[in-house]
Amino acid sequence: MDSLTVIVPVYNEATVLDNFYERVVSVLDGLREKDSIEGRMLFVDDGSTDESVAMIKKLAGNDPRVSLIRLSRNFGKEAALSAGLDHAESDAVVIIDADLQDPPELIPEMVSLWRQGYDTVYGQRTERRGETFLKRYTASLFYRFVGNLGRVSIPRDTGDFRLLSRRSVLALRNLTESNRFMKGLFAWIGYRQAALKYTRDPRYAGETKFNYWKLWNFALDGITSFTTAPLKLASYIGVMLSLGSFAYGVYVILKTLIYGDPVPGYPSLMTVVLFIGGIQLLFLGVLGEYLGRMFDETKRRPLYLIEEHLNAEQKRGVIQGKKAVAGHEV
Ligand code: UDP
Ligand code: MG
């Protein structure tokens, strides 16, 4: 019998967890009967401060298919997903948000595509309900930008909701960078990928954890980890400016030779000085974005720390993220 783990990152989702559990459980029951797949749920608690942990523990107490990894603090969704992927030992995993924006009822279709030989089956949103125009617009702008510049193309309108085969999961574990832009990593591993179209529902309850500032930083992570195009842009603009200023210099010299030098031109001088200054600061900033991320990478810190690991056998342990060592389990 094949096994499937549903990985759920959770950050303050107490208002939706019971409903989420009900819906996933009925899907898992269906899979067991129709596809003879043994489904499990792995909740990764990302430092919730509400009742989420207590609720998951209660679910785990009543249902051996539920397990919980509790991170030592809020590390962010990408780290929570990495923790889940590092600990899921099944033939396939499904990543799904706890807020029911991704319908669990799609999982059987994902499974059937997986059985047809696809390694990744990702949900592609045809419609996003309950999200503001600005969010949809900035999201599509971002996908277009990264899609055009990066060497790996990231499918558009695709979130983290997806099924991954065992070998995709193993491949992802090998990617050790601390800057985890998951959508990019999913695309980077390649293998056979299939899209499954669906309508993204509004959040069932609770609030989104991503404000525009977080999304902007997320976009910067995405761009800097998948393309060096902004760095190249600096060189191209530099070349253009040098050529332009050379031509302008020739013009100024000729003008002085022919018409003399009455020293006008304070405004144009000021404009040029400010423009060059601005461009230089801008590209210092771009350099800084890359340098800062390199700094983070060189520290080689674990992606997450586990506070508590509660699985079907009620085994508790303190495991270090990323390079989890079996000997560390208590
Ligand atoms: N999440 C998380 N850690 C965080 C923020 C979010 O694990 O720091 C989880 C959250 O509980 C949810 C999923 O990531 O299951 C998606 O978050 P959310 O619905 O807030 O994002 P949105 O759908 O608005 O992009
Ligand atoms: Mg959501």
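Side chains included, hydrogens not; waters and symmetry mates left out as well; all remaining heavy atoms used.
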In Å and rounded to the nearest 0.5 Å, what is the CG to CG distance from Leu310 to Leu42? 10.5 Å

Flag the pair Glu78 and Lys214 as a salt bridge only when some basic side-chain nitrogen lies within less than 4.0 angstrom of an acidic carboxylate oxygen. no

Using the rule that Ile, Leu, Val, Met, Phe, Trp and Tyr join whenever any side-chain heavy atoms are under 4.5 Å apart, tell me whether Leu231 and Ile279 fall into a single cluster. yes

Would you kindly say whether Tyr304 and Asp46 are connected by a side-chain donor-acceptor distance under 3.5 Å? no

dist Arg166:CZ -> Trp114:CH2 (nearest 0.5 Å) comes out at 11.0 Å

Answer with yes or no whether the hydrophobic clustering places Phe43 together with Leu28; edges join I, L, V, M, F, W, Y residues whose side-chain heavy atoms lie under 4.5 Å apart. yes

Should Asp221 and Arg293 count as an ion pair when the cut-off is N to O under 4.0 Å? yes

Could you go through Asp2 and Arg115, starting from their C-alpha distance and side-chain angles, then the distance that decides it, and tell me whether this counts as side chain to side chain contact (heavy atoms under 4.5 Å, CB included)? CA-CA 10 Å; Asp2 285 337; Arg115 290 215 156 140; 3.0 Å; yes

Are Glu177 and Leu185 side-chain neighbours, meaning at least one heavy-atom pair lies under 4.5 Å? yes

Thr5 side chain vs Met41 backbone, donor-acceptor pair below 3.5 Å: no

May I have all residue pairs that pass side chain to side chain donor-acceptor pair (under 3.5 Å) and include part of residues 17-30, sequence neighbours excluded? Asn19-Tyr204, Tyr21-Asp63, Arg23-Glu105, Asp29-Arg65

Side chain Asn12, main chain Thr49, donor-acceptor under 3.5 Å: yes

Distance-only side-chain donor-acceptor flag, Ser3 / Ser90, under 3.5 Å: no

